[in-house]
Amino acid sequence: MSEYIKIIFPDDTDREFAKRSTPSDIAEQISRKLSQQAIVAKFNDRMVDMNRPLDSDGRIVFYTADDPEGLDTYWHSTSHVMAHAIKKLFPEANFGFGPAIDHGFYYDVEVGRTLTPEDLEKIEKVMQEIIDSDKPFKRRVVTRDEAIELFSERNEKFKLEHIQTLEGELSVYGEGDFIDLCSGPHLVSTKQIKYFKLLNISGAYWKGDESNPMLQRIYGISFPKKSQLDDYLHKLEEARKRDHRRLGKELDLFSINETVGAGLILWHPNGALIRKLIEDFWKDEHLKAGYELVNTPHIARLNLWEVSGHLDFYSESMFKPNEMDNVQYQIKPMNCPFHLAIYKSRTRSYRELPIRWAELGTVYRYERSGVLHGLLRVRGFTQDDAHIFCRPDQLEDEILRCLNFNTYILKTFGFENYDVYLSTRPDNYVGTVENWDKATEALKSALEKLGLAYSIDPGEGVFYGPKIDIKIKDVLDRAWQCTTIQVDFNEPERFDITYRGQDGHDQRPIMVHRALMGSLERFFGVLIENYGGAFPVWLSPVQVILLPITDSHLEHAEILRERLVDSGIRVKLDDRSEKIGYKIRDAEMQKIPYMCIIGDKEIAEATISVRKRKEGDLGSFNVQDFIDRVTHEISTKQIT
RNA sequence: GCCACCAUAGCUCAGCAGGUAGAGCGCCUCACUUGUAAUGAGGUGGCCGCGGGUUCGAUUCCUGCUGGUGGCUCCA
């Protein structure tokens with residue numbers, strides 16, 4: 001047996017090290033910086049602790065706190081320290097799962113009573129003591145029996161339950177007198193955790209199952225540098241400032257009224273104007289893109305939903321039907337059955353396909369009370385819906401068109417980064433495997449032709465067909481689910497829609513459901529957060545506000561106002577007897593893009609002083625030049 | 001729906017160990033006539049979310065409901 005092992009580095013160079021060298025040893029011999037910064041390593045595609053002795057040749061990659069892998073370990077170790085602290089304060093505590101997540105970590109725990117924010121402070125204090133005591137994280141491989149004995153002693157009922165479901169090698173990690181079932185990897189010592197904060201407490205079902213007991217979930221975050229923690233907390237604060245519910249109030253865009261009902265949106269004039277602009281744009285572009293617009297009722301006989309199959313699958317999410325003249329009527333949760341009914345209104349020829357019908361269709365769905373959230377999750381909303389009926393040979397091309405069209409529409413609102421998901425056949429499905437495979441291939445092929453990177457959500461398709469979901473990324477890099485493109489084998493079947501083929505026989509068309517913005521409510525919410533309420537000029541309810549210095553300039557300002565109105569600009573005149581600083585502050589807070597100051601100087605020179613929202617004074621403008629500038633920004637839908 | 005928390009003026013929030021309430025902003029009036037993010041003074045404004053209970057007395061304590069917040073579950 002060799003005394004040495006050969007380690008290959010990411011740049012394909014290799015070096016020999018003494019057998020049972022640890023990643024720490026290896027990093028130390030490469031560079032001091034690396035040994036200080038590396039948190040965890042990957043050895044032959046397995047994540048390993050920095051102090052894990054290596055016995056064989058292999059490839060190694062080091063990760064620091066700048067890598068997702070490094071942070072993942074950092075956060076996971078912090079969650080162990082948190083659990084340790086909780087155990088010290090609540091010896092009876094029972095632990096569920098405690099993983100690292102996208103931003104930070106959590107641990108699910110049962111402690112016998114409700115935790116309060118004061119408890120979090122106490123836990124933080126004990127965590128700091130554990131960190132300061134510089135306890136090494138120790139890994140130990142255990143047999144199943146040992147593990148069961150270990151956690152029986154500790155009365156860890158959830159861990160014991162979890163052990164039953166685990167296969168293969170079991171390991172535990174301990175630091176100090178705390179021990180936890182865990183596959184790792186971990187930091188070398190608690191001391192490596194520098195800056196952390198516990199953020200909030202909430203409920204979470206054990207193993208995410210509604211029928212299981214609810215544990216208390218504590219969320220937290222940690223970083224090696226104070227600046228990182230500060231940045232993170234600052235970002236949370238930024239997100240809070242952009243909260244569409246807050247801005248909706250401040251900018252008088254929309255409201256939700258208890259008496260009207262939860263999850264039902266009242267669009268105020270400012271919001272309704274923005275909605276009109278979005279709708280106009282949407283309709284115009286759809287007509288240009290080869291869609292036709294249709295309109296359908298808000299309710300229909302219950303029978304329609306029996307035919308569509310929604311009653312079987314989704315009645316829990318539907319409002320209860322209404323009975324009139326012995327007929328049951330259902331408020332619509334979807335638009336598609338109506339479009340199918342239009343399709344069926346006469347025979348269709350293969351020459352007509354593809355048929356693309358679009359509708360801003362308002363639907364109502366019963367969402368459970370706990371999930372409602374501002375504009376983002378509501379009970380009544382308007383889908384920017386369309387249904388495409390096409391021949392099988394047209395499917396891929398139609399998907400391609402949808403994707404391209406979607407990119408164009410979203411780009412207009414400033415969204416250019418996406419996460420794309422392809423959801424494949426679930427266990428519970430209708431149609432033939434062959435059709436599913438063909439449709440999935442068509443979706444895949446379209447994505448690949450466009451060079452769109454996507455990930456596959458296996459088995460996450462809807463029961464009636466595979467789908468593409470697109471999450472748009474906003475300026476804070478948060479992802480929002482909006483676009484969905486779904487192939488449907490079910491409804492054409494259920495409604496028995498056909499087209500007369502070239503051969504004279506009736507064929508079954510394929511149906512594609514698609515929504516680009518998702519719903520106007522949700523999209524509006526995302527827009528508000530993305531722009532932080534500072535809408536681009538083309539979407540701003542008020543585009544220009546005129547601010548006369550004193551009352552004596554009012555008359556001139558009124559003439560200017562009319563001139564701007566005639567140019568198609570949405571303009572307001574602040575005619576209050578206030579100081580100019582006050583009027584500017586007010587306009588800034590209303591996030592009006594342009595402020596025009598009018599005083600003696602401007603009247604004498606026939607100019608206006610222009611101030612741009614957030615940027616400040618732009619100087620003196622010839623009135624026509626200013627009008628040209630603004631109308632150009634509007635017509636080109638400029639983003640900033 | 002579940003766990004926890006919350007609900008006081010249009011908004012943000014204070015207060016009450018149980019004796020029917022207060023600030024700032026807003027709004028209105030007046031004065032000021034103002035030059036790039038808050039002029040001053042005065043005034044207006046509240047069934048303390050809704051119902052029930054305990055109590056001599058409830059905005060305050062208990063309870064049900066409604067609505068909201070953070071998550072969980074769900075999201076055709």
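To find a chain, count down the sequence lines: A is the first, B the second, and so on, and within it residues start at 1. Computed from a predicted structure; not experimentally measured.
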Can you check the distance between [N] and [M], where both ends of the measurement are the [atom1] atom (answer in whole Å)?
{"N": "B:rG49", "M": "B:rA9", "atom1": "C1'", "value": "14 Å"}
{"N": "B:rC50", "M": "B:rU34", "atom1": "P", "value": "49 Å"}
{"N": "B:rU55", "M": "B:rG18", "atom1": "P", "value": "16 Å"}
{"N": "B:rG45", "M": "B:rG24", "atom1": "C1'", "value": "14 Å"}
{"N": "B:rG53", "M": "B:rU60", "atom1": "C1'", "value": "15 Å"}
{"N": "B:rU63", "M": "B:rA58", "atom1": "C1'", "value": "14 Å"}
{"N": "B:rU73", "M": "B:rA17", "atom1": "P", "value": "42 Å"}
{"N": "B:rG64", "M": "B:rA76", "atom1": "C1'", "value": "34 Å"}

Contact class for [X] (heavy atom, under 4.0 Å): base, sugar-phosphate, or nothing?
{"X": "A:D600", "answer": "base"}
{"X": "A:D617", "answer": "base"}
{"X": "A:Y464", "answer": "sugar-phosphate"}
{"X": "A:G599", "answer": "base"}
{"X": "A:K583", "answer": "nothing"}
{"X": "A:Y106", "answer": "nothing"}
{"X": "A:S369", "answer": "base"}
{"X": "A:P117", "answer": "nothing"}
{"X": "A:Q216", "answer": "nothing"}
{"X": "A:G370", "answer": "base"}
{"X": "A:S609", "answer": "base"}
{"X": "A:F313", "answer": "nothing"}
{"X": "A:H513", "answer": "nothing"}
{"X": "A:L372", "answer": "sugar-phosphate"}

Under 3.5 Å, is there an N or O donor on one side and an acceptor on the other linking the side chain of [X] and the base of [N]?
{"X": "A:R377", "N": "B:rC75", "result": "yes"}
{"X": "A:R611", "N": "B:rA37", "result": "yes"}
{"X": "A:R368", "N": "B:rU73", "result": "yes"}
{"X": "A:E602", "N": "B:rG35", "result": "yes"}
{"X": "A:Y366", "N": "B:rG1", "result": "no"}

Let's see if you can work this out: which of [options] has an atom nearest to the side-chain heavy atoms of [X]?
{"X": "A:T550", "options": "B:rA38, B:rU73, B:rU33", "result": "B:rU33"}
{"X": "A:T114", "options": "B:rU73, B:rG67, B:rA4", "result": "B:rA4"}
{"X": "A:E578", "options": "B:rC32, B:rG35, B:rU39", "result": "B:rU39"}
{"X": "A:Y582", "options": "B:rC27, B:rU34, B:rA76", "result": "B:rC27"}
{"X": "A:E588", "options": "B:rU34, B:rA37, B:rA76", "result": "B:rA37"}
{"X": "A:S202", "options": "B:rU34, B:rC2, B:rG71", "result": "B:rG71"}
{"X": "A:P333", "options": "B:rG70, B:rA76, B:rC2", "result": "B:rA76"}

Review point. Where does the angle between the aromatic ring planes of A:H80 and A:H76 fall among parallel (under 30°), tilted (30 to 60°) and perpendicular (over 60°)?
Key: perpendicular

Ring centres of [X] and [Y] under 6.0 Å apart?
{"X": "A:F97", "Y": "A:H162", "result": "yes"}
{"X": "A:F389", "Y": "A:Y343", "result": "yes"}
{"X": "A:H513", "Y": "A:Y464", "result": "yes"}

[Y] versus [X], side-chain donor and acceptor atoms under 3.5 Å:
{"X": "A:S519", "Y": "A:T382", "answer": "no"}
{"X": "A:Y594", "Y": "A:E633", "answer": "yes"}
{"X": "A:N270", "Y": "A:D252", "answer": "no"}

In whole Å, I'd like the distance from the [atom1] atom of [X] to the [atom2] atom of [N].
{"X": "A:I201", "N": "B:rC6", "atom1": "CD1", "atom2": "C1'", "answer": "14 Å"}
{"X": "A:L264", "N": "B:rG68", "atom1": "CG", "atom2": "C1'", "answer": "15 Å"}
{"X": "A:R576", "N": "B:rG35", "atom1": "CZ", "atom2": "P", "answer": "16 Å"}
{"X": "A:M589", "N": "B:rG26", "atom1": "CE", "atom2": "C1'", "answer": "10 Å"}
{"X": "A:M214", "N": "B:rA4", "atom1": "CE", "atom2": "C1'", "answer": "9 Å"}
{"X": "A:D209", "N": "B:rC3", "atom1": "CG", "atom2": "P", "answer": "15 Å"}
{"X": "A:R365", "N": "B:rC75", "atom1": "CZ", "atom2": "C1'", "answer": "8 Å"}
{"X": "A:N200", "N": "B:rC72", "atom1": "CG", "atom2": "C1'", "answer": "13 Å"}

Revision key, fill the gap. Heavy-atom nearest nucleotide on RNA chain B taken for A:I580 and for A:L115; more 5' hit belongs to A:L115

Count the heavy atoms of every other residue, nucleotide or ligand shown that sit under 6.0 Å from [atom1] of [X], and state whether that count exceeds 12.
{"X": "A:E237", "atom1": "CD", "value": "yes"}
{"X": "A:K197", "atom1": "NZ", "value": "no"}
{"X": "A:K572", "atom1": "NZ", "value": "no"}

Does [X] make a side-chain N or O approach to OP1 or OP2 of [N] shorter than 4.0 Å?
{"X": "A:H373", "N": "B:rG70", "result": "yes"}
{"X": "A:R514", "N": "B:rA76", "result": "no"}
{"X": "A:Y107", "N": "B:rG71", "result": "no"}
{"X": "A:K249", "N": "B:rG10", "result": "no"}
{"X": "A:R245", "N": "B:rU69", "result": "yes"}

Practice item. Using the ring of A:Y582 (Phe, Tyr or Trp, six-membered ring only), decide whether A:R585 places NZ or CZ under 6.0 Å from its centre and within 45 degrees of its axis. Key: no

Review point. Any side-chain heavy atom of A:F524 within less than 4.5 Å of one from A:I274?
Key: yes

Point to revise | Stems involving RNA chain B, each a run of at least 3 consecutive Watson-Crick or G-U pairs under 3.5 Å | key: B:1-7 with B:66-72, B:10-13 with B:22-25, B:27-31 with B:39-43, B:49-53 with B:61-65

